2 protein chains.
Amino acid sequence: MAKQEKKETAGELDGRKLKILHAIIRNYLESGEPVGSRTISKYTDLNLSSATIRNEMSDLEELGYIVQPHTSAGRIPTDKAYRLYVDTMMEEKDREISDLKGMLTQAEEKMDQMLKNVARVLAVNTNYATMVTAPAIRGNKLKFIQISKVDDTQILATIVVEGNVIRNNMIAIEDPLSDETILKLNILLNTHLTGMSLDDINLGMITLLKEQSGIHSKIVGEILDAVAQAIRGDEDLEVYTSGTTNILKYPELADNQKAGALISTFEEKQALARIASESLEGNENNGIQVYIGDEAPIESMKDCSVVTATYELGEGMRGSIAIVGPKRMDYDKVVGTLKTMKDELETMYKKKNKSGKSGSPKDKRGDN
Amino acid sequence: MAKQEKKETAGELDGRKLKILHAIIRNYLESGEPVGSRTISKYTDLNLSSATIRNEMSDLEELGYIVQPHTSAGRIPTDKAYRLYVDTMMEEKDREISDLKGMLTQAEEKMDQMLKNVARVLAVNTNYATMVTAPAIRGNKLKFIQISKVDDTQILATIVVEGNVIRNNMIAIEDPLSDETILKLNILLNTHLTGMSLDDINLGMITLLKEQSGIHSKIVGEILDAVAQAIRGDEDLEVYTSGTTNILKYPELADNQKAGALISTFEEKQALARIASESLEGNENNGIQVYIGDEAPIESMKDCSVVTATYELGEGMRGSIAIVGPKRMDYDKVVGTLKTMKDELETMYKKKNKSGKSGSPKDKRGDN
DNA sequence: GTTAGCACTCCAAATAAATGAGTGCTAACA
DNA sequence: TGTTAGCACTCATTTATTTGGAGTGCTAAC
């Protein structure tokens, strides 16, 4: 007669077990301490005695949702529980991130300055470690090439890609080029290459260009290399981090050994790019993704959770934002904050671009 | 009759005291533990009993060279002792840094990549935290300006400064410019500005240019702003760090509180620029400078020592390298390593520049 | 099915005891 | 007068011991 409420939300858990598990997780998120039956019995509105809770907890343990760090300690959630939690039990919540907006909108600096700022603001706000990657440019088109003579031994190739990413390449030359030659090369390159994406520039095009450039085919070759690189966007994307030391605030991570490895990871930044690009692949939930423990592709983060969001600035320029904290991070808040940040970035970009066209003061941008 | 050996090296210390102090420091550098009289009596070749040493140590303590962390503990050197040590007692020593050279020479990447590498190599090699700043360009001359039209709403100003630092600035325009106008502007700017340093471009020159550019004076104004910035070199110099977590290896720094602050300092990088620019000022000992404890201009480093070196790549492009570790860092080794690194960098730059002229494959360089 | 009660476990914190490195001082020695 | 041995004392560190309490599992009663 008591099976009325069997919701079967997770296949193997009835409603009460779910509620209890939920309570355990919430509690552990806050306290970071193993949580016992008594606590749950008082905390929740289930009106169950600690003994009953104990029975249920025993079941939950058998099902692999919670474990005891040692006999006669409270229970802590497993990765499986966290996964269930973020998948099904998290409700949306909007928080006070008003100051966040404020801090951002006054940042009309260069792109990299702004992204650094984003990382910083997020770190301060969440008390976790954060990481932001600059928008990677993919499948973009060449907008414009300019060859200029710097002196007798080198020329400068300036390449502008859609989205106003600029790249400069110094090219050493053996013999001086005349202004005329440079003009010709400019015309040659621009007429053939403008508007092309990386896929459009095939071998035929390349040989054609080299032929037409005559004795300067070597230089053209080098310029094409540079173009390829510029369009592809620096393979190793730029990564900005902040709040790394927040890690030390969580005892379960602060143990010298692990903490060192983690902080190193943040310092090296290379590994972080892996997470970034992985998160750029998937694009399910609003671009928000959660990696719990081993799910993250980085060894040193196996005791952490990582929440990533991707933002898109139009024209295929996509970057990612990630927050790294202990498994018991406040998923609700983090997801909320990330969403806001993502929106904020995207709308800001739109606004900026509009005002730029209608003649606002400056729209400077360094290269990638 | 016993005053024969009175060398008076440091004004208030006789030879024996010096030797003892020396021994104390050396020992403490290695062990990190307070060192007692007995250790010294055995360690050194002075053939003095521990009791005698105790007497001398008592004197040294009174003179402020050593202290006891607590009663009945051994002594540890004070900042004063370290200062004496680096000033007078350090002998030159060349170490095995051969691999260092190897690791560097294969780095013919872009400048920033290389500097990152320098930081990394140093960190791995010394086990301290390191920091490298990119060469700041000062008092440099404008080599070349190029204005190009990107589309109807914006133009691109590419500015090359001596030393091949390149800077791009997008400038929004209200009405499209004809190719002719752009050509005129290019000629106008290059004829007047090429070869000028910041000081040379005075108000007269500016108004002259604006007049001659007619209705486009506003654009010229913006370009001049960009030029000013490019020549001055980004005020906040680029800073690369590595090995931050090495800090955790030294117990006296690893205390969560301090370590966090220190690592944060390294992460923020802003404060580090202060040290860098301070070290760029002085130029005494081969460009090597040692800051002990409070001597460094950064609060969070009051328990550290900082050794800085400056390197110069010709044409006034100077950068700095710094190593941060505990006060008991191995000064000898650090100074040696820094010297080598400095030399290595400077010779590499020379070589690179030479080979560049004689037509070597590629000499790419990003902007600042 | 739920709950109270009880015995049992085991971590964590507190307390106590043992250790030992190091000092300062005094008195003897060369 | 400088050097040294010896001794009593201090105090951080280590180790052992005790205690408290949070938590569990089980059983019996409701």
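Reckoned from all heavy atoms, side chains included, excluding hydrogens, waters and symmetry mates. No experiment lies behind these values; they were computed from the predicted model shown. In what follows, chains are A, B, ... by sequence order, proteins preceding strands, each numbered from 1.
Among C/dT3, D/dG25, C/dT23, the nucleotide with an atom closest to any side-chain atom of A/Leu48 is C/dT3. Nearest to the side-chain atoms of B/Ser72 among the listed nucleotides C/dG24, C/dG22, D/dG25 stands C/dG22. For B/Asn55, taking side-chain heavy atoms from C-beta onward, the closest of the listed nucleotides C/dT23, D/dT10, D/dT4 is D/dT4. Checking C/dA4, C/dG24, D/dG25 against the side-chain heavy atoms of A/Ser58 singles out D/dG25 as nearest. Listed nucleotides: D/dG25, C/dA4, C/dG24. Nearest to the side chain of A/Ala51: C/dA4. Side-chain proximity of A/His70 to C/dT3, C/dC11, D/dA12: nearest is C/dC11. Nearest to the side chain of B/Thr52, among D/dT3, C/dT3, C/dT23, sits D/dT3.
In this entry D/dA28 has C/dT3 as its Watson-Crick or G-U wobble partner, both defining distances falling under 3.5 Å. Across every strand in view, D/dG23 sits in a pair with C/dC8 that passes the Watson-Crick or G-U test at under 3.5 angstrom.
Distance CG (A/Asp59) to C1' (D/dC26): 15 Å, rounded to an integer number of Å. Distance, B/Ile24 CD1 to C/dG22 C1': 13 Å, rounded to whole Å. Separating the CD1 atom of A/Ile76 from the P atom of C/dC11 is a distance of 14 Å, rounded to the nearest angstrom. The interatomic distance linking B/Glu56 (CD) with C/dG22 (C1') rounds to 18 Å, in whole Å. As a whole-Å value, the separation of B/Ile53 CD1 from C/dA21 P is 18 Å. Between B/Ile40 atom CD1 and D/dT4 atom C1' there is a gap of 18 Å when expressed in whole angstrom units. Following rounding to the nearest Å, A/Gln68 (CD) and C/dT9 (C1') show an atom-to-atom distance of 10 Å. Nucleotide D/dC26 holds its P atom 15 Å from the CE atom of A/Met57, rounded to whole Å.
Contact between the side-chain N/O atoms of A/Thr71 and the OP1/OP2 oxygens of D/dT24 is not found at any separation under 4.0 Å. Contact annotation: B/Arg38 does not reach the phosphate of D/dA5 (side-chain N/O to OP1 or OP2, under 4.0 Å). For A/Ser37 and D/dT24, the shortest distance from a side-chain N or O to OP1 or OP2 is below 4.0 Å. OP1 or OP2 of D/dA22 has not a single side-chain nitrogen or oxygen of A/Arg54 nearer than 4.0 Å.
The neighbour count for B/Glu30 CD, taken as heavy atoms of other residues, nucleotides or ligands under 6.0 Å away, does not exceed 12. In this structure, B/Arg38 places its CZ atom where only 12 or fewer heavy-atom neighbours from other residues, nucleotides or ligands lie under 6.0 Å away.
Of the possible polar contacts, one joining the A/Ser279 side chain to the A/Ala276 backbone as a donor-acceptor pair under 3.5 Å is found. Under a 3.5 Å cut-off, the side chain of A/Ser41 and the backbone N or O of A/Ser37 do not form any donor-acceptor pair. Between the side chain of A/Glu252 and the main chain of A/Pro326, no donor-acceptor pair closer than 3.5 Å is present.
A cation-pi contact links A/Lys80 to A/Tyr65, judged by a cut-off of 6.0 Å to the six-membered ring centre and 45° from its axis.
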